[in-house]
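Order of the sequence lines sets the chain letters (A, B, ...), proteins ahead of strands, with each chain counted from 1.
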Protein chains: 2
Amino acid sequence: MFKKVIVSDDLVSMNLGMLTALETLKVKEVTPVQYCDDAYLKIKKAVLDNAPYELLITDLSFKKDHRDQKFESGEDLIKALHEEFPELKIIVYSIEDRIQKVRRLVKKFHAKAYVCKGRRGLIELSEAVKSVYKNELYLSDQVSQALNKKSNLEIDDYDILLVKKLANGLSQDQISQLFKENDISPSSLSSIEKRLNKLRIQFKANNAIHLVAIVKDLGLI
Amino acid sequence: MFKKVIVSDDLVSMNLGMLTALETLKVKEVTPVQYCDDAYLKIKKAVLDNAPYELLITDLSFKKDHRDQKFESGEDLIKALHEEFPELKIIVYSIEDRIQKVRRLVKKFHAKAYVCKGRRGLIELSEAVKSVYKNELYLSDQVSQALNKKSNLEIDDYDILLVKKLANGLSQDQISQLFKENDISPSSLSSIEKRLNKLRIQFKANNAIHLVAIVKDLGLI
DNA sequence: AACTTCCTTACGGAATTCCGTAAACAAAAA
DNA sequence: TTTTTGTTTACGGAATTCCGTAAGGAAGTT
């Protein structure tokens, strides 16, 4: 089993919960932190000390408070850690269950497990730790289809940007001009109309308003 | 201090945290539940047994799972309890920090305290319990302006309904017809346009799409 | 080269939204 | 009763969105 683990969540209760779960798994050394920056610094220091952490379990959303933070979210932290310390295994433990987010974290940043907080959260977390120790990927049931399906929700960065601009109050004409200025293609009004039409069909939206509402509900923007 | 308290949160860790906080406050009898329906049933039974709970501490958002629930959210539960058992004191303990939500819960359903989950969550919760015991209202710092400000955001139920319909993909014409059918006034297309225009100005929105996006971000719909 | 195929752009008309002005109506005040 | 005030409704034109059709261009294929 892992020897040295760090857990990160801004809520004390959650940290305690993880602590007891890891205790039952006979993990000797567990460090709890409440800020992403602390997690980063401790992980970095441990590497310099030649006693690196083997596993990080972290939440995604952290409340802002008086302390200014370099990493504002768990995702920021994970991104940085993946680049700097690819050896460190990472388990995400979050209330969020958006497929898109899971896919991004696992595929882009190589998170080894994604556990949804919930009534069975601690049980699943414990299973996840065991799986990851055996180098197996672990996903909570609710998000398990995040990878296997090609998940027809083929919606790319361009689409996201487009809908975001729309939600920010720009007219399709304004978006067209903006895209022309920034060399984003396609940029013609006609293409933008066409793309939005495709998205409306894909998300079964009656009109642009409906589309924005749906996409916001899905957490895509 | 309170003798008999019930705490409700779908996450075990949170329930445990509340339990220890209440223990430090010398509360003798604390019942933890993980479903709103369970909270309701236990509260009801306790009243029938002539040994009612004095205080409920509850989260707002509960994950759905296989068990079908009558009350899907903490707000549903609070609404029902306020009507049926006005004697029961209620503390909300939630991650949400939307002013609007706080105001609604406190003013409409007479919640006695609103504590935001966060790094100081358990400390504040403990203070809240003490305040409520002394019949004082308690609000976390982040949401303390929820009441004092007359908060000119004068937006009524009609406005909410209107924007909701819009977000659901109905055209202004369809909304007009719907309102006519349901005897909701005003119902003319012209009036609906006018009202939406007022809301756009109020929320500094460029157009209807922008309005819906803003109102969704504020958590009003 | 000739030919698909896919993507971008253009265009036009119908529907809807946007926005100002004004009439119709009701309730309260003079 | 008349006046005032505020709300609802009506109307018209400009702007934008919606939607189908088609032209232009950049790939790769035969």
Q: Could you say whether S190(B) or N207(A) is positioned toward the 5' end of DNA chain D, judged by the nucleotide with the nearest heavy atom to each?
A: S190(B)
Q) Quick one: do the S126(A) and K130(A) side chains pair a donor with an acceptor below 3.5 Å? A) no
Expressed as a whole number of angstroms, how long is the span from [X]:[atom1] to [N]:[atom2]?
X	N	atom1	atom2	answer
Q172(A)	dA10(C)	CD	P	15 Å
I192(A)	dT9(C)	CD1	P	9 Å
K194(A)	dA10(C)	NZ	P	12 Å
E193(B)	dT21(C)	CD	P	15 Å

Q: State whether the number of non-hydrogen atoms from other residues, nucleotides or ligands found under 6.0 Å of Y35(B) atom OH is greater than 12.
A: yes
Q: Taking atom NZ of K107(A) as the centre, report whether more than 12 heavy atoms of other residues, nucleotides or ligands fall under 6.0 Å from it.
A: no
Q. Salt bridge (charged side-chain N to carboxylate O under 4.0 Å, His left out) with E181(B): which residues, sequence neighbours excluded?
A. none
Q. Side-chain contact, heavy-atom cut-off 4.5 Å: L196(A) with L166(A)?
A. yes
Q. Among all residues two or more places apart in sequence or in another chain, which pass the side-chain contact (heavy atoms from CB on, under 4.5 Å) test with A113(B)?
A. I91(B), A128(B), V132(B), Y138(B)
Q: Identify the 5'-most and 3'-most nucleotides of DNA chain D with at least one atom closer than 4.0 Å to a non-hydrogen atom of chain A.
A: dT17(D) to dA22(D)
Q.
Looking at dT9(C), I'd like to know if its phosphate oxygens (OP1 or OP2) sit under 4.0 Å from a side-chain N or O belonging to S191(A).
A. yes
